Amino acid sequence: MTINATDAAIRALAAEKRLPQVHLERWLAMDADSSSALISIAHTLKLRTGQLATAIELLDEIAVREKTSAARVLGGPRARAIVDGGGSAPERARAMLEHLRLIRFPELVRTRAALDADIKALNLPGGAQVVLPSELASDEVTVTLRFRNAGEFERMLARLNDAKLGISAILDKLGGKE
Amino acid sequence: MNFDLDEILIERESRESALATRIGGALGDHIPVIEVDDARAAARPRPGDRDPFGAGKRRMLIVRRKSPFLMACPAGSSRFACCGYLVLTIASNCPMDCSYCFLQEYLADNPVFQIFSNYTDALDEVDRMIASAPGRSFRVGTGELADSLAFDSITAMSHDLVEYFSARPNLTLELKTKTDEVDTLLALDPRGRVLVSWSLSPEAVFLSSEHRSAAPAARIAAARRVLEAGYRVAFHFDPIIAYPSAARDYLELIDTLLDSIPAKDISFVSMGGLRMTPTLKSAARRRHPDDAMLCGEDVLAPDGRYRSFAPLRLRLYRQLAAKFRKAGAEIPSYLCMEVPSVHEKVFGATPPRPATIGERLATI
């Protein structure tokens with residue numbers, strides 16, 4: 001496609017999806033290979049408006065962070081495997097966004113995985129949950145208990161008490177303690 | 001003066017002011033001077049400017065301030081553990097252009113660099129404040145909506161301020177800057193009542209984000225000079241940006257700082273992680289699209305600002321605080337725009353009330 005044809009295709013897709021202007025501008029500001037690669041992905045994976053906006057944001061910021069281009073990211077082996085792989089378009093779209101998120105937020109994804117593993121290791125009963133803040137955006141942990149009678153409640157409190165040190169360690173990690 | 005100005009606008013009412021005369025005398029005929037009738041209109045973005053905020057930095061408007069000069073720090077909030085800082089707005093906007101600067105949002109509707117011809121009226125407001133609170137001490141600064149020293153070589157505003165504050169034992173003036181423009185200060189006697197503070201960032205942040213500011217080494221050298229001239233000094237590690245080698249770079253920066261300024265001579269240190277409202281982030285990314293420092297692992301925090309995710313941000317705070325502790329002197333420290341639980345985790349103690357910490361910082 002020529003640059004004009006690419007721009008026209010982007011504008012047409014953006015109009016169809018009612019993509020916010022700010023995202024359209026960021027897409028148009030990408031280099032030619034990158035904007036074309038994103039058109040292709042948007043069509044193949046049938047990205048919804050929110051997914052397309054998220055992909056533009058992630059790709060734009062990855063390009064700045066990693067000093068690369070959206071075309072290179074979308075042409076990488078993992079991204080190609082998602083596009084060419086099996087599964088429905090919505091499943092592949094979700095997988096692509098997860099992949100981009102992993103590149104954009106590597107430390108956050110690693111920290112979250114480590115904390116999830118710590119929570120699993122607490123081995124709490126089904127009705128008890130330790131919930132981390134969304135995107136680890138704060139230092140606050142929520143504990144929820146679901147129970148139907150006093151006996152269940154007592155048993156859960158006892159299990160929570162047993163898990164006290166583990167929960168404290170999770171709070172420490174969330175609070176940046178090394 | 002190390003900064004470029006395209007023009008100077010003077011509201012007619014300020015034409016004969018001492019400030020306008022001083023600036024005119026310092027700049028001579030190098031920069032066009034235009035008289036304006038409507039200062040409010042002149043302060044607004046100019047139609048047709050591709051980057052109205054950036055263009056506003058190169059247009060100085062000398063104008064009378066009609067609003068109060070003295071206010072609580074605009075960053076303050078009851079949800080945060082604040083430092084009790086009071087702000088004197090004697091200028092608005094800044095000739096430097098840090099990519100993360102909150103003024104890109106705060107001054108979006110009146111970006112022209114305003115400098116207030118009646119700034120000495122601010123001192124009357126301070127007089128009234130201290131008269132209304134006998135026995136209390138206050139820390140008052142001019143570096144919130146502007147850099148305190150950027151244009152001091154042509155405005156000499158610090159002269160009046162230092163003279164006033166140096167005669168009042170229950171006041172501390174904080175001049176906050178990212179420049180090394182301290183020559184005017186060196187000729188004055190602060191009598192222990194004036195503190196000059198620098199925002200400090202590692203070289204990587206300076207090169208990527210702090211356009212037209214002095215290099216970190218030059219800021220530290222300037223701090224050394226004012227310290228020797230009898231001023232107190234403090235340092236703001238704010239914003240702390242959590243880029244991949246941030247921990248190493250910030251710790252090295254502290255080493256460099258302590259090589260020049262002994263810990264015992266540092267009045268206090270503050271820390272604050274980069275935080276941006278969605279509007280600020282959008283403006284900053286639009287104006288500085290290639291700055292990787294604006295693309296950290298930032299998530300939307302409970303206060304509606306993008307911040308580094310909590311464990312990453314708090315780990316950096318802890319590392320920096322530990323480094324200062326190891327320096328061997330008890331340097332008073334506080335966090336800017338963080339909730340009390342974060343203070344507790346970083347410093348191991350509940351933060352004092354803003355008025356208490358404000359008083360403490362004013363009397364150190």
Side-chain angles (χ1 to χ4, degrees), chain A residues 20-31 53-54 56-70 73 100-116 118 132-142 168-178, chain B residues 79 99 208-209 240-247 271 273 275 278-279 281-286 288-322 335 338-348:
Chain A
Q21 182 68 20
V22 61
H23 292 96
L24 170 62
E25 283 169 14
R26 284 165 92 169
W27 194 354
L28 290 169
M30 288 179 185
D31 64 274
T54 302
I56 291 168
E57 266 175 41
L58 290 171
L59 285 165
D60 180 36
E61 295 186 351
I62 289 168
V64 175
R65 273 173 68 85
E66 308 296 330
K67 298 187 174 30
T68 184
S69 68
V73 176
L100 296 180
R101 198 173 148 69
L102 175 61
I103 302 173
R104 171 67 184 82
F105 295 98
E107 188 68 27
L108 172 59
V109 172
R110 269 196 294 275
T111 307
R112 173 81 208 204
L115 285 164
D116 284 341
D118 290 344
L132 296 171
S134 170
E135 301 202 284
L136 306 184
S138 83
D139 58 342
E140 185 177 271
V141 162
T142 307
S168 292
I170 289 167
L171 276 167
D172 281 346
K173 265 191 196 170
L174 198 56
K177 196 168 180 180
E178 290 175 292
Chain B
R79 72 190 307 165
S99 62
S208 183
S209 308
I240 293 173
I241 301 184
Y243 59 98
S245 61
M271 296 188 282
R275 57 266 181 206
T279 307
K281 184 172 180 186
S282 171
R285 289 277 292 121
R286 193 172 55 248
H288 305 277
D290 299 323
D291 187 358
M293 297 295 172
L294 299 175
C295 300
E297 297 200 45
D298 301 337
V299 297
L300 204 54
D303 69 344
R305 293 176 174 86
Y306 283 97
R307 296 168 179 264
S308 300
F309 67 95
L312 179 61
R313 185 169 91 251
L314 271 65
R315 189 162 64 233
L316 274 171
Y317 287 152
R318 284 174 184 266
Q319 288 170 325
L320 269 64
L335 298 176
E338 289 287 4
V339 295
S341 66
V342 171
H343 278 252
E344 285 170 29
K345 288 184 171 87
V346 174
F347 299 121

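Bear in mind that the values here come from a model prediction, so they are computed numbers and not experimental data. Order of the sequence lines fixes the chain letters, A, B, ..., with proteins taken first and strands second; residue numbering starts at 1 for each chain.
Remark: side-chain polar atoms of A/R65 are not paired, donor with acceptor, to backbone N or O of B/M293 under 3.5 angstrom. Panel note: side chain B/R315, backbone A/K173; no donor-acceptor pair is recorded below 3.5 Å.
Between B/A310 and A/D139, the shortest heavy-atom contact is CB-N, 4.1 Å.
Within residues 20-31 of chain A, the residues having any heavy atom less than 4.5 Å from a heavy atom of chain B are, in residue-number order, A/R26. Contact annotation for residues 299-308 of chain B against chain A (heavy-atom separation below 4.5 Å, listed by residue number): B/V299, B/L300, B/A301, B/P302.
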- Message: For B/S341 and A/E140: C-alpha separation, side-chain torsions, deciding distance, then whether side-chain contact (heavy atoms from CB on, under 4.5 Å) applies.
- Response: CA-CA 9 Å; B/S341 66; A/E140 185 177 271; over 6 Å; no
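Proximity to chain B (any heavy atom under 4.5 Å) is shown, for A/P106, by both the backbone and the side chain. For A/E178, the part lying under 4.5 angstrom from a heavy atom of chain B is the side chain only. Both the backbone and the side chain of B/V342 come within less than 4.5 Å of a heavy atom in chain A. Contact of B/P244 with chain A is not made at all, since no heavy-atom distance falls under 4.5 Å.
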Pairs under 3.5 angstrom only: tabulate donor-acceptor contacts from the side chains of residues 107-116 of chain A to other protein residues two or more places apart or in another chain.
unit_1, atom_1, unit_2, atom_2, d
A/E107, OE1, A/R110, NH2, 3.3
A/T111, OG1, A/E107, O, 2.7
A/R112, NE, A/D116, OD1, 3.3
A/R112, NE, A/D116, OD2, 3.4
A/R112, NH2, A/D116, OD1, 3.4

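Separation of atoms CG (B/L294) and CD (A/E61) is listed at 9.0 Å; rounding is to 0.5 Å.
Scanning for side-chain hydrogen bond (donor to acceptor under 3.5 Å, both in side chains) contacts around B/R285 gives A/D60, with sequence neighbours left out.
Side-chain atoms of B/P311 and A/L136, non-hydrogen and from C-beta on, do get closer than 4.5 Å to each other.
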